[in-house]
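Before any comments, here is the structure.
Just so we're clear, the structure is a prediction, and the values are computed from it rather than from any experiment. The sequence lines fix the lettering, A, B, ..., with proteins before strands; numbering per chain opens at 1.
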Number of protein chains: 12
Amino acid sequence: VSNSASSPAVLIIHGPNLDLLGGREPEIYGSTSLAQLDAQLRMLGNELGLQVDTTQSNHEGAIIEAVHGVVTAGYGGLVINPGGFTHTSVAIHDALRAVSVPAVEVHLTNLYARESFRHHSMTGAACHGVIMGFGVHSYGLALRHLAPLLCASLSK
Amino acid sequence: VSNSASSPAVLIIHGPNLDLLGGREPEIYGSTSLAQLDAQLRMLGNELGLQVDTTQSNHEGAIIEAVHGVVTAGYGGLVINPGGFTHTSVAIHDALRAVSVPAVEVHLTNLYARESFRHHSMTGAACHGVIMGFGVHSYGLALRHLAPLLCASLSK
Amino acid sequence: VSNSASSPAVLIIHGPNLDLLGGREPEIYGSTSLAQLDAQLRMLGNELGLQVDTTQSNHEGAIIEAVHGVVTAGYGGLVINPGGFTHTSVAIHDALRAVSVPAVEVHLTNLYARESFRHHSMTGAACHGVIMGFGVHSYGLALRHLAPLLCASLSK
Amino acid sequence: VSNSASSPAVLIIHGPNLDLLGGREPEIYGSTSLAQLDAQLRMLGNELGLQVDTTQSNHEGAIIEAVHGVVTAGYGGLVINPGGFTHTSVAIHDALRAVSVPAVEVHLTNLYARESFRHHSMTGAACHGVIMGFGVHSYGLALRHLAPLLCASLSK
Amino acid sequence: VSNSASSPAVLIIHGPNLDLLGGREPEIYGSTSLAQLDAQLRMLGNELGLQVDTTQSNHEGAIIEAVHGVVTAGYGGLVINPGGFTHTSVAIHDALRAVSVPAVEVHLTNLYARESFRHHSMTGAACHGVIMGFGVHSYGLALRHLAPLLCASLSK
Amino acid sequence: VSNSASSPAVLIIHGPNLDLLGGREPEIYGSTSLAQLDAQLRMLGNELGLQVDTTQSNHEGAIIEAVHGVVTAGYGGLVINPGGFTHTSVAIHDALRAVSVPAVEVHLTNLYARESFRHHSMTGAACHGVIMGFGVHSYGLALRHLAPLLCASLSK
Amino acid sequence: VSNSASSPAVLIIHGPNLDLLGGREPEIYGSTSLAQLDAQLRMLGNELGLQVDTTQSNHEGAIIEAVHGVVTAGYGGLVINPGGFTHTSVAIHDALRAVSVPAVEVHLTNLYARESFRHHSMTGAACHGVIMGFGVHSYGLALRHLAPLLCASLSK
Amino acid sequence: VSNSASSPAVLIIHGPNLDLLGGREPEIYGSTSLAQLDAQLRMLGNELGLQVDTTQSNHEGAIIEAVHGVVTAGYGGLVINPGGFTHTSVAIHDALRAVSVPAVEVHLTNLYARESFRHHSMTGAACHGVIMGFGVHSYGLALRHLAPLLCASLSK
Amino acid sequence: VSNSASSPAVLIIHGPNLDLLGGREPEIYGSTSLAQLDAQLRMLGNELGLQVDTTQSNHEGAIIEAVHGVVTAGYGGLVINPGGFTHTSVAIHDALRAVSVPAVEVHLTNLYARESFRHHSMTGAACHGVIMGFGVHSYGLALRHLAPLLCASLSK
Amino acid sequence: VSNSASSPAVLIIHGPNLDLLGGREPEIYGSTSLAQLDAQLRMLGNELGLQVDTTQSNHEGAIIEAVHGVVTAGYGGLVINPGGFTHTSVAIHDALRAVSVPAVEVHLTNLYARESFRHHSMTGAACHGVIMGFGVHSYGLALRHLAPLLCASLSK
Amino acid sequence: VSNSASSPAVLIIHGPNLDLLGGREPEIYGSTSLAQLDAQLRMLGNELGLQVDTTQSNHEGAIIEAVHGVVTAGYGGLVINPGGFTHTSVAIHDALRAVSVPAVEVHLTNLYARESFRHHSMTGAACHGVIMGFGVHSYGLALRHLAPLLCASLSK
Amino acid sequence: VSNSASSPAVLIIHGPNLDLLGGREPEIYGSTSLAQLDAQLRMLGNELGLQVDTTQSNHEGAIIEAVHGVVTAGYGGLVINPGGFTHTSVAIHDALRAVSVPAVEVHLTNLYARESFRHHSMTGAACHGVIMGFGVHSYGLALRHLAPLLCASLSK
């Protein structure tokens with residue numbers, strides 16, 4: 001984390017298939033690309049006084065390691081969209097439980113309104129909270145939740 | 001809705017047992033009272049350019065009727081915390097599907113991290129999205145999601 | 001029951017969300033309003049020699065009490081559409097078992113052809129029979145079933 | 001179908017064991033024989049302006065073919081009591097979905113009030129509606145539902 | 001609570017359909033009416049040094065509020081028969097967990113010996129204990145459990 | 001039934017695939033052919049004073065009708081091996097319940113010791129008893145059970 | 001039963017691990033020893049006009065035989081805490097059904113509030129009623145239920 | 001086994017509650033006592049050329065040991081009615097698999113026609129076959145199955 | 001099989017409702033008729049050096065017998081589309097296991113992508129392999145699989 | 001894709017453990033090595049006018065990315081054997097739904113005939129069709145399905 | 001425990017059917033007899049500085065009491081193979097939770113690789129750890145785990 | 001494997017999140033770091049005459065390849081802690097089945113005593129045995145099991 005003097009930093013982890021955002025089933029997932037989304041989130045971070053870094057991986061192991069890295073790299077908060085790993089990955093669940101920074105799980109779509117195999121979140125059970133169904137705005141809401149938390153703890 | 005000239009209005013519906021907020025299992029639900037929460041939400045509404053009205057009921061039927069009233073009273077958006085009705089109420093699910101304004105379900109706690117009978121949301125399946133686990137801030141995030149949506153549609 | 005000299009009386013109980021009939025998801029539930037439906041049913045009652053009274057409630061407790069009232073008010077038969085309470089309400093099930101008049105459960109839609117959480121009827125298990133899938137005509141068929149039964153027992 | 005000039009025709013298909021009607025467990029299924037029931041239904045058809053033909057089979061394949069025949073023989077509607085095939089027959093379900101005439105499933109008894117292996121209807125999920133629990137009158141109600149539908153479409 | 005000088009007070013909450021007691025399925029529920037039962041319980045309370053108040057409702061919301069009221073009205077103990085709400089009401093479960101007085105769940109019948117949908121008690125899981133199967137005597141046993149508890153705590 | 005003067009008659013119904021007996025998976029079902037088995041059973045019938053008739057069908061409908069025929073043809077008892085229909089056929093279950101003669105279900109193999117989809121017997125639930133696992137001797141034991149029963153009732 | 005002239009007798013059967021009472025997980029089961037509990041129950045029996053005998057066994061078979069012995073030994077009532085056998089023992093269930101004296105199942109803890117494998121009671125389904133969650137007082141309540149029943153039947 | 005010169009011996013093991021036979025729920029289990037049944041079976045053994053020994057226990061461990069003893073005591077066959085242990089005892093299942101003599105499981109009643117918790121047989125899965133539903137005759141049929149088997153193997 | 005000198009023969013069995021092919025839900029099943037499909041398959045057989053015979057039945061029993069006939073009629077391979085019987089027919093499963101020629105199950109649609117009651121294949125578990133989702137080409141692929149197998153074994 | 005002038009290209013993705021093909025449990029999976037299989041498939045592609053490329057990975061993420069790459073690299077079709085990921089990978093399911101080229105899932109073995117945890121295919125639900133049970137020939141059949149499709153679309 | 005001066009003592013409890021070790025299904029359980037195993041374990045105990053006592057019972061109650069006795073007899077550790085009681089015995093689970101010495105569950109076979117009814121361990125959930133699948137060596141590994149623990153605590 | 005002259009070699013594979021050992025939830029997993037653990041295990045290997053190599057990965061694919069590599073690299077045994085992949089990974093299960101060296105699965109914690117989603121082991125079903133619940137000592141016990149096995153086979 002090239003942590004600038006005063007801003008607390010947040011890492012956003014995008015899971016599998018989010019690299020296709022904007023092109024993949026746009027009627028479900030919307031037409032913003034991942035690069036555009038990341039730019040928007042960095043901008044929103046600026047407004048909120050947060051340094052926002054993003055990463056994407058289709059590899060469960062890489063996501064686990066990104067979660068681990070949150071502590072060593074000095075991030076104050078974590079936003080994660082585990083994509084298709086949400087429903088079965090005990091390993092990401094364990095990784096999230098192993099780090100102490102506040103983590104927020106986000107989903108573009110409302111899991112409860114989709115196929116029944118998407119109703120449960122194994123990974124969300126290890127986060128502070130879950131935000132789902134608001135398209136790319138789910139990420140923005142997560143940042144808005146973390147901003148006062150991290151800024152407050154910084155100013156202490 | 002005593003709808004002032006320019007502000008779009010949002011109704012917040014608190015379900016069963018939320019009248020006890022602040023006193024009930026504070027280690028789980030926090031120590032803010034419902035009156036304090038409602039005041040905070042009206043204030044946040046002001047900042048965001050939203051008129052915020054709130055109501056609470058322990059009666060499933062009254063909640064159904066509050067949902068129905070959203071349309072006739074001219075609310076542009078809905079925030080609902082169905083409490084214990086979340087998990088089984090097909091009737092509130094049907095009411096939410098029957099109204100066309102955007103609805104956001106919120107929970108103080110992270111349903112996925114509690115008893116298994118709280119994992120599923122029958123009512124959330126009929127909302128646009130669900131925000132859970134951030135204590136009273138779950139409500140604030142819901143308003144932040146609705147504000148740009150409603151203000152945009154107003155200015156059109 | 002303002003029971004006229006010779007006509008046996010039937011109470012029709014509409015459950016939650018049926019007050020929205022005609023406006024709510026018309027592609028599923030049709031475009032007749034509840035007031036129009038009630039008028040049609042009273043008229044059909046006239047033809048069949050039945051006094052038809054109707055009531056609607058979104059409150060499980062009010063429906064239970066309407067079922068109880070059937071006996072004290074002297075109704076000879078009962079038609080009930082318990083809406084979303086159909087699938088889970090043990091309390092309405094118990095109320096129906098507690099009264100001895102013939103009860104018919106009706107549904108606008110075919111429960112077996114919808115989401116799996118609508119397949120079972122807890123309340124229907126306590127009725128004489130169930131009629132579902134014929135839109136507003138489901139009610140009419142219920143009256144046609146009750147008419148000869150009640151008129152016969154009256155003339156005994 | 002020896003389709004007389006003006007009457008629309010309806011086929012009634014009785015499934016397995018209904019040939020025993022009247023003799024089989026009369027405390028459950030009543031004491032009317034199948035021949036008597038068929039005569040009553042033809043008579044009721046007359047009243048309603050419908051030509052009513054009936055058939056019975058204990059063979060799943062014969063029932064499938066009777067359903068197929070509805071279209072080629074020019075029947076305007078279908079009433080089916082699939083008996084014990086109701087609960088498991090995907091093949092009759094598929095046959096019903098393959099024909100476009102309105103189909104009504106009927107049962108002498110209330111499935112929801114019997115053994116749990118009778119609660120679901122695989123075949124009913126492919127019909128317009130289901131009527132159950134009124135003994136032989138279930139069939140009559142089905143005809144009453146179809147009569148206005150078929151007569152109307154005929155007069156168009 | 002018109003709390004007399006020295007007697008601790010207990011509230012007894014009767015749930016849905018208990019207003020029909022004595023008339024409803026007497027072979028299952030017995031022939032004592034609710035008024036008679038309440039009188040007996042007040043009398044037994046007298047013997048035991050308890051002020052006994054009773055209330056009945058068919059409304060889930062009213063029961064939730066009666067539970068809430070226990071604290072504000074100064075009752076020292078609670079006896080509840082949630083009737084058909086026993087098996088599914090997360091909202092009453094939450095209400096019971098929110099109040100700190102000792103609560104006893106009672107049932108006229110033995111839930112384990114009835115239909116399988118009555119075997120589990122969602123509400124009982126939030127009470128101190130459950131007494132079931134002794135007809136109206138289940139209530140009396142609950143009072144006998146509470147009496148020494150409340151009298152002892154009063155004399156402290 | 002060409003019922004000779006004094007012998008009570010028993011019908012043995014072999015279900016699907018039993019026509020292949022002796023050739024089909026002999027390590028599971030043995031090497032006796034169906035014709036040989038039938039001859040042995042008639043012979044055993046002779047010894048026991050029973051007229052034994054046998055029939056085989058791969059058609060569920062034909063088996064249902066054979067069960068029905070037991071009464072009209074004057075058989076005093078029934079032995080049935082419903083083969084693969086054992087596990088799912090509600091229709092044969094219903095047929096067996098509709099006839100009043102004592103019925104014994106037999107299986108060559110021990111259902112409990114095979115694949116889990118063979119553990120339950122829908123049809124056996126409608127018989128007096130079930131004998132399984134003794135190869136072709138299962139049939140003989142069924143006859144031995146019926147012989148004294150039928151001879152006794154004949155001599156009454 | 002060394003049945004004194006006038007007192008009806010009750011047998012109390014303690015199941016597995018209750019010999020450790022007082023020492024075993026006292027935060028769950030309390031600190032009264034079994035000997036102390038038995039003494040208290042005999043004393044309470046004295047007050048209530050009941051002769052109280054007690055027995056404890058960790059052997060399912062011994063418990064079955066104790067249940068059987070109730071009849072031959074002339075006990076008028078039975079109180080049983082089957083401990084860990086509660087949830088799975090069909091054999092004790094059958095034993096309880098085989099004897100005609102009134103039986104009450106008791107538990108120190110509230111089964112519904114513990115691990116899900118303790119929610120159901122196979123043995124309780126064969127008793128008149130179940131009392132659970134009141135620590136050692138559960139036994140006392142059972143005696144209070146039986147006393148009037150047995151004394152009344154004695155004086156008849 | 002006081003094995004007489006020429007007769008092969010069979011051990012019959014009666015499980016829990018069978019000591020009450022004749023007195024226990026006679027409408028289900030019949031009115032023959034266990035002593036009478038054992039006498040009948042010994043007599044039938046005589047006819048069939050078998051030495052028949054019987055034992056009964058309410059103790060799972062004793063039944064396991066009786067099964068073990070079959071080999072050491074030189075029994076050629078085993079008949080077992082495990083009573084309520086049938087449905088859950090993996091330990092008796094293992095014991096039966098550990099001995100090589102042919103074992104037949106018998107039940108007085110038809111398990112498939114009773115409560116669903118009696119449908120499966122854990123122990124029967126480890127026997128050669130199962131005979132159920134014929135009252136005390138189930139035992140006799142088991143002996144008739146074993147007789148030719150054991151006599152044949154003896155004469156080899 | 002009018003088995004010409006050198007060509008190995010394959011039987012194709014079409015199950016229930018396939019006689020409607022081309023007319024039935026063409027958006028799901030395509031618009032080729034069964035006669036056209038059979039002609040195409042015979043032609044493809046010619047190309048591949050296979051004699052192709054086809055049969056269709058809506059009767060489970062007839063399908064079982066067609067499977068049996070494969071051996072007696074000298075077919076070298078079998079292609080089967082069991083239609084709605086796929087999911088529940090233990091009897092066809094048993095028939096397929098009883099014949100030794102290679103069998104291929106085909107489906108026009110992808111079972112995994114349809115309603116959950118179509119996901120499993122009871123009959124496919126007894127075949128060599130399953131091909132599904134390619135419309136009428138599923139059959140062609142099955143023939144292409146069998147051709148080299150049968151021609152090779154013929155030339156041996 | 002080094003796409004030669006006229007041939008459409010197909011990518012074949014081999015999932016986890018297929019690198020061991022030929023050596024791993026050959027009695028189940030056969031003795032052809034992956035290199036040999038790939039060579040055979042390229043040759044078959046040549047015959048069919050298809051350019052065939054192959055890739056193998058034991059990494060779920062790499063498979064997801066190979067699926068994504070299909071579009072950017074200009075492949076006209078996809079054949080995938082997801083190995084052990086078949087049954088649980090929502091992420092590969094999502095990847096397959098995100099690309100528009102026709103995809104065929106293949107398996108060496110018949111999933112329906114193996115352990116029950118292999119019966120369902122999460123990934124197959126997102127493919128056009130599934131071919132399983134024909135050993136290495138499953139791949140060849142997939143190519144034969146794609147060839148006419150891709151060549152036709154090329155010549156348009 | 002004839003506890004020699006310096007050695008801590010461990011009790012090994014063998015459950016049902018282990019008395020047959022060496023003779024019972026040796027291809028699964030091996031050919032060492034229980035006496036031989038016990039001798040080996042005592043010898044290994046010697047090497048490790050542990051006094052090893054062993055006991056075997058086929059009686060659930062006796063095993064419960066052996067567990068209880070661990071404390072009173074002064075054993076420092078416990079090794080238990082509950083055999084067939086592993087999967088269902090809540091009573092042994094409770095006994096293990098009631099004693100405070102470290103307990104290790106062992107199994108000769110790998111439970112996860114056997115029938116599904118053996119996958120779960122009710123008793124293991126109340127132990128410190130479980131060792132399974134190493135034949136008689138599972139016991140040895142358990143002793144090796146306990147030795148340093150007990151010797152350390154002794155030397156403190 | 002830099003296989004020294006005489007020592008057989010064992011590979012230890014640590015799965016996801018084990019790189020955090022010592023820091024992650026130390027009250028559950030202990031405070032030894034992975035490097036310390038690996039050093040201890042190499043040292044213990046020395047004592048036992050085993051060369052011990054270790055590897056850790058958070059990537060399922062890398063673990064699969066490590067398992068594959070066991071054979072080519074000449075390891076004589078395998079110890080694996082698949083972490084969160086234990087419960088769902090069919091692919092690692094398949095990899096383990098594909099290699100012939102003895103494999104032991106280890107877990108720091110007792111799976112049976114944790115959340116229900118950790119009770120089953122998909123991967124353990126493909127190992128020789130499983131050791132769980134002894135913290136880092138689970139690994140040591142696995143080595144102790146392998147040592148005599150591998151040394152014996154070496155000296156042959």
Side-chain angles (χ1 to χ4, degrees), chain F residues 28 30 40 44 47-48 77 79-82 86-90 92-93 96-97 102-150 152, chain H residues 28 30 40 44 47-48 77 79-82 86-90 92-93 96-97 102-150 152:
Chain F
I28 301 184
Q40 287 172 15
L44 176 60
E47 281 178 44
L48 298 169
V79 176
I80 184 166
N81 177 348
T86 300
H87 316 295
T88 55
S89 179
V90 179
I92 298 178
H93 171 107
L96 288 162
R97 270 173 47 174
V104 178
E105 180 165 307
V106 296
H107 295 282
L108 299 165
T109 59
N110 180 352
L111 299 182
Y112 291 129
R114 299 189 67 194
E115 303 97 322
S116 67
F117 64 81
R118 297 193 206 265
H119 288 187
H120 191 254
S121 173
M122 172 60 76
T123 49
C127 290
H128 284 216
V130 180
I131 298 171
M132 56 185 175
F134 307 106
V136 296
H137 301 297
S138 294
Y139 288 90
L141 292 172
L143 290 182
R144 285 186 186 282
H145 170 66
L146 290 173
L149 234 78
L150 301 188
Chain H
I28 300 184
Q40 288 173 16
L44 176 60
E47 281 178 45
L48 298 168
V79 176
I80 184 166
N81 177 348
T86 300
H87 316 294
T88 54
S89 179
V90 179
I92 298 178
H93 171 107
L96 288 162
R97 270 174 47 175
V104 178
E105 180 165 306
V106 296
H107 295 281
L108 299 165
T109 60
N110 181 352
L111 300 182
Y112 291 128
R114 301 189 66 194
E115 303 98 320
S116 66
F117 64 79
R118 296 194 207 264
H119 288 188
H120 191 254
S121 173
M122 173 58 78
T123 49
C127 289
H128 285 216
V130 180
I131 298 172
M132 57 184 174
F134 308 107
V136 296
H137 302 296
S138 294
Y139 289 89
L141 293 171
L143 290 182
R144 286 187 187 282
H145 170 66
L146 290 173
L149 234 80
L150 301 188

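Take H:H107 and apply the ring pair (Phe, Tyr, Trp, His ring centres under 6.0 Å) test, not counting sequence neighbours, and it matches no residue.
Looking only at heavy-atom pairs under 4.5 Å with chain H, the residue among F:R114, F:H145, F:H119 that has the most is F:H145. Considering only heavy-atom pairs separated by less than 4.5 Å from chain F, the leading option among H:I131, H:V130, H:V106, H:N110 is H:V130. Ranking F:A125, F:A142, F:G133 against chain H, the residue ahead of the rest is F:A125, based on heavy-atom pairs under 4.5 Å.
In this structure, F:H120 has its ring center no closer than 6.0 Å to that of F:H87.
With rounding to the nearest 0.5 angstrom, the CG atom of H:L48 is 4.5 Å from the CG atom of H:L44.
Within the 4.5 Å cutoff, side-chain heavy atoms of F:H128 are placed close to those of F:P102.
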